[in-house]
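Quick note on labels: first sequence line is chain A, next is B, and so on, each numbered from 1.
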Amino acid sequence: MESNPATSRLTAIALSFMAVIWVSPFSWLILNAFNPLSTGQLEIPRSIGLDNFALAVSGNAGRQFLNSMLIAAGTATLSVVVGISAAYPLSRLRIPGRNAFLWTLVLLRMLPSAGVLVPLYFAAQRGGLLNQFGVIIALTILNLPFTLLLLKNFFDTVPIELEEAAYVEGASLFQIVTRIVLPMSRAGIAVVWFFSFTGAWNEFLLPLIFARVQDAFPMSVGLYAAFGQQGAINYGFLTAFSIIYAAPAIGVYFLLRRNMNTGFAGVGVKG
Amino acid sequence: MADVSLRGVRKSYGSVEVVHGVDLEIKSGEFVVFVGPSGCGKSTLLRMIAGLEPISGGDISIGGKVVNDIPSPQRGIAMVFQSYALYPHMSVYDNMAFGLKLAKTPKDEIDQRVREAARILQIEGYLDRMPKALSGGQRQRVAIGRAIVRDPRVFLFDEPLSNLDASLRAQTRIEIAKLHDTLTATMIYVTHDQVEAMTLADRIVVLNAGRIEQVGTPLELYRNPVNTFVAGFIASQRMNFTPVTIEAGKLVLPGNKSLTLTHPRLANVRTIGIRPEHLVLADAANADLTGTLSVIEQFGEYALAYVELPSGDLVTVKLDGAPDLQLHQTVHIGVPPDAVHLFDEAGRALR
């Protein structure tokens with residue numbers, strides 16, 4: 001195809017226009033968050049300050065940040081602990097139908113979680129778990145199928161001979177798992193932890209249903225509730241709050257990238 | 001040091017029995033090699049001695065004590081795996097110290113023992129490296145070092161050299177022989193490589209299909225194999241087997257030449273075996289076998305000539321030096337009667 005300066009200039013203008021449209025929500029978010037006198041318009045702020053952020057980490061909003069952290073870290077840690085305890089035997093013991101079992105779990109997980117919300121709610125109500133702990137347990141249960149599948153596959157890559165060598169040297173099963181299998185599956189455990197963390201951090205529906213008082217809201221629900229509070233929308237607060245809400249996802253992304261590079265199962269064997 | 005004895009040891013997986021009642025006495029300080037083709041049960045036998053595989057019948061005792069129900073760590077054994085099984089997330093030092101740390105050995109004793117083993121194996125320079133930074137041969141030494149630091153009564157080696165290349169294998173073989181000399185420990189070594197078996201063993205145990213075929217020193221097996229299996233398995237060039245018929249008290253070879261041999265049970269002979277290195281070239285007048293040269297492999301110091309007999313059988317002849325033979329030429333072979341092994345219908349040796 002022939003390219004003449006006129007058409008390429010037109011293409012450039014068209015693409016820039018698309019780019020502006022594409023980034024405008026982000027620009028709006030950032031410009032408003034750093035503008036203490038934000039009005040909700042896409043404009044260059046007349047003054048720049050962190051007042052909105054101060055507002056977004058104090059009082060109710062700060063509590064919601066902690067709630068989110070608690071739910072996300074709690075879910076991630078519980079998923080990893082339960083996942084390891086279940087995936088290791090699934091990887092090592094010849095349980096008949098273990099693969100069918102795993103894939104059935106995954107199939108069940110494919111159902112939208114809203115579909116199981118009602119039974120989940122009543123189970124939590126009966127168990128007295130309509131609180132953050134209940135959210136953590138419910139999210140862990142929903143996470144488990146994929147957690148199990150992922151961890152089992154990671155454990156499968158740890159050569160059985162390493163465990164036999166450790167056993168001959170006098171290691172107990174607990175020592176074999178904690179000193180050989182887990183360190184070698186570090187990358188897999190990190191992936192599971194971070195994914196569970198982001199999943200739980202982003203979760204909206206379950207905390208909304210389970211935690212029915214403002215004090216127990218995580219940020220996802222808090223953001224929703226912040227609309228129209230005190231009669232008007234405080235765009236500065238809302239945008240700063242959104243940025244803080246999105247930050248962990250970015251942090252997790254970088255942590256994940258670093259940890260994904262440390263998979264080294266299989267190095268100790270063969271030459 | 002401890003002796004190891006197996007009495008009627010069996011192993012079955014479900015209804016399939018893979019080791020059929022093995023009896024064996026291994027003396028303290030002896031170097032015994034289990035050799036056999038894949039699937040003969042040699043590794044299973046070793047893993048049963050190690051305690052990694054439960055036994056289905058019989059008794060295994062180490063140092064005079066039955067260890068059937070004693071877990072592996074308390075058997076006083078150390079094992080070197082075919083894949084080395086080094087812990088990839090630990091340094092060489094930590095790999096070697098792992099077992100001692102588990103046993104809560106005092107720190108300075110661990111240090112002293114690890115450094116002593118590293119000195120013996122000449123790996124002192126790599127103690128801080130990770131396994132992935134080592135070559136195959138170095139990893140092999142670390143794996144052996146990990147066994148040495150535990151000062152076991154019995155060393156178990158499961159095909160330790162099969163992942164090394166040929167030259168490194170020969171070198172490590174010599175080192176293992178030296179090691180046995182220095183450590184004076186009982187060693188049980190599994191391999192499918194009969195060269196390793198011949199060169200390392202005080203005694204070789206030849207296994208086939210879950211049974212012991214023969215136990216003896218390397219030279220005993222070489223000189224007096226009890227059957228065609230052992231005869232064919234031991235030595236680097238496989239023994240030639242030729243069917244024979246008996247006529248008027250003489251062995252008749254293919255091609256109708258006869259061998260003068262006396263044996264009380266000559267009438268039972270169905271096959272003779274003769275090693276390639278014992279066959280000689282002859283001239284047409286006194287040849288025992290005649291055929292055409294189909295392949296010749298020149299090694300410089302010796303050559304292997306593959307001679308096709310009119311019957312279609314291939315006979316291997318090992319010749320010293322670099323013989324001047326042309327492909328497809330007629331080759332006359334002489335069979336020295338005193339080097340012939342006689343086998344009956346079932347493949348058992350007649351002595």
| To the nearest 0.5 Å, what is the distance between CG (B/Leu52) and CD (A/Glu163)? | 11.5 Å
| query | About how many Å separate OH of B/Tyr84 and CD of A/Glu161, when rounded to the nearest 0.5 Å? | reply | 11.0 Å
For the residue pair [X] and [Y], what are the closest heavy atoms and their distance?
X: B/Met79; Y: A/Val168; value: N-CG1, 4.3 Å
X: B/Ser72; Y: A/Tyr167; value: CB-CE2, 3.3 Å
X: A/Leu162; Y: B/Leu86; value: CD2-O, 3.1 Å
X: B/Phe98; Y: A/Ala166; value: CE2-CB, 3.8 Å

| Which portion of A/Gln175 sits near chain B, non-hydrogen atoms under 4.5 angstrom | side chain
| Taking the side chain from B/His89 and the backbone from A/Leu182, do they hold a donor-acceptor pair closer than 3.5 Å? | no
Quick one: what part of [X] sits under 4.5 Å from any heavy atom of chain A, side chain, backbone, both or neither?
X: B/Arg75; answer: neither
X: B/Pro71; answer: both
X: B/Leu134; answer: neither

| query | Does atom CZ of A/Phe195 have more than 12 heavy-atom neighbours, drawn from other residues, nucleotides or ligands, at distances under 6.0 Å? | reply |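 Not more than 12 within 6.0 Å, no.
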| message | Counting neighbours of CZ on A/Arg63 that are heavy atoms of other residues, nucleotides or ligands and sit closer than 6.0 Å, is the number greater than 12? | response | no
